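Numbered from 1 within each chain, the chains take letters A, B, ... in sequence-line order. The structure displayed is predicted, hence computed values, not measured ones.
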Amino acid sequence: GENVEQHPSTLSVQEGDSAVIKCTYSDSASNYFPWYKQELGKGPQLIIDIRSNVGEKKDQRIAVTLNKTAKHFSLHITETQPEDSAVYFCAAFFRDDKIIFGKGTRLHILP
Amino acid sequence: DSGVTQTPKHLITATGQRVTLRCSPRSGDLSVYWYQQSLDQGLQFLIQYYNGEERAKGNILERFSAQQFPDLHSELNLSSLELGDSALYFCASSPRSGRGAREQFFGPGTRLTVL
């Protein structure tokens, strides 16, 4: 069935180090993969997205990579800062126009 | 501020009751999505409307229904409420619909507590 799996559920990294969050999806026809950041008490906010016709996209300290063959995509945050602490969600659109989110990764940036 | 508004911010009610959550999308956005977020289930897609018509359905219970009005605002109706319906309910809007859609802009959410 339609599914998105996200790992890890919790991630702690030292300030300045890199963080990587990985997601896998079930439907090879999926072609749009957004990443959202949710801070406490707020709604999710799109931080980066990628479509299936590209393998990588970068926006300053944030990058997303997509491996269509393996059906997985990853979020990379470099030079992490305290304000990067939040919950991050990956998502994938499926053929019936449904969007399914991963269960989220709580990222802690340690001083 | 995403430009999406949701009312009310908080709602406390009793089991068996019915409530209505309201969402106003960003100006010009035709698509509205509803999500339920609970601690153990993450973000669950409920339903999507595009320009007044239902476009996609997720894991929405039969006790729940939604609609999008001609002015594009949307309402989510939850009836015969159970304790397990306590959650954050988010609305998001997007200029278009489906997998070709650009980013979704989320509202601040409505926290529903069922006692």
Side-chain angles (χ1 to χ4, degrees), chain A residues 1-10 21 23 25-54 57 59 62 64 66 68 73 86-106, chain B residues 1-7 9-10 21 23-26 29-51 53-60 87-111:
Chain A
E2 298 159 338
N3 191 38
V4 173
E5 297 217 355
Q6 182 172 348
H7 300 280
S9 56
T10 307
I21 302 170
C23 288
Y25 58 98
S26 57
D27 185 358
S28 58
S30 296
N31 69 357
Y32 176 62
F33 308 92
W35 284 91
Y36 289 85
K37 175 184 180 182
Q38 187 176 23
E39 295 174 322
L40 199 60
K42 296 185 178 179
Q45 179 184 16
L46 181 79
I47 55 172
I48 197 166
D49 57 11
I50 191 166
R51 298 188 187 276
S52 58
N53 56 350
V54 298
K57 184 176 176 181
D59 183 3
I62 295 173
V64 55
L66 172 65
K68 280 198 71 180
F73 56 112
V87 179
Y88 292 81
F89 292 95
C90 64
F93 271 85
F94 288 80
R95 62 181 77 227
D96 49 0
D97 279 357
K98 281 164 50 176
I99 179 170
I100 295 183
F101 282 76
K103 288 199 182 295
T105 296
R106 187 172 296 278
Chain B
D1 184 0
S2 67
V4 177
T5 59
Q6 288 187 249
T7 56
K9 283 190 91 168
H10 302 277
L21 313 184
C23 168
S24 292
R26 290 188 326 152
D29 282 0
L30 299 178
S31 203
V32 169
Y33 299 77
W34 283 99
Y35 296 90
Q36 179 191 58
Q37 185 175 40
S38 53
L39 278 173
D40 58 344
Q41 288 295 318
L43 269 166
Q44 296 284 316
F45 166 64
L46 295 177
I47 198 164
Q48 181 211 353
Y49 280 81
Y50 178 75
N51 203 19
E53 293 188 4
E54 182 184 306
R55 183 57 64 94
K57 230 172 182 176
N59 299 322
I60 188 166
L88 268 169
Y89 290 84
F90 286 104
C91 156
S93 76
S94 176
R96 295 196 292 264
S97 170
R99 288 174 290 155
R102 289 179 295 178
E103 60 187 286
Q104 293 185 25
F105 296 85
F106 279 77
T110 293
R111 181 173 293 280

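Considering A:Phe93, A:Phe73, A:Tyr25 in turn, A:Phe93 is the only one that fulfils the ring pair (Phe, Tyr, Trp, His ring centres under 6.0 Å) rule with A:Tyr32.
Not counting sequence neighbours, the partners of B:Tyr35 by the ring-ring contact (aromatic ring centres under 6.0 Å, His included) test are A:Phe101, B:Phe45, B:Phe106. Shown here are the salt bridge (Lys or Arg N to Asp or Glu O under 4.0 Å) partners of A:Glu39, two or more places apart in sequence or in another chain: A:Lys37, A:Lys42.
Neither the backbone nor the side chain of A:Gln6 comes within contact range of chain B; no heavy atom of the residue lies under 4.5 Å from a heavy atom of that chain. Of the atoms belonging to B:Gln37, it is side-chain heavy atoms, and not backbone ones, that fall under 4.5 Å from chain A. Both the backbone and the side chain of A:Pro44 come within contact range of chain B, with heavy atoms under 4.5 Å apart.
For B:Gln48 and B:Ser31, the side-chain atoms include at least one donor-acceptor pair closer than 3.5 Å.
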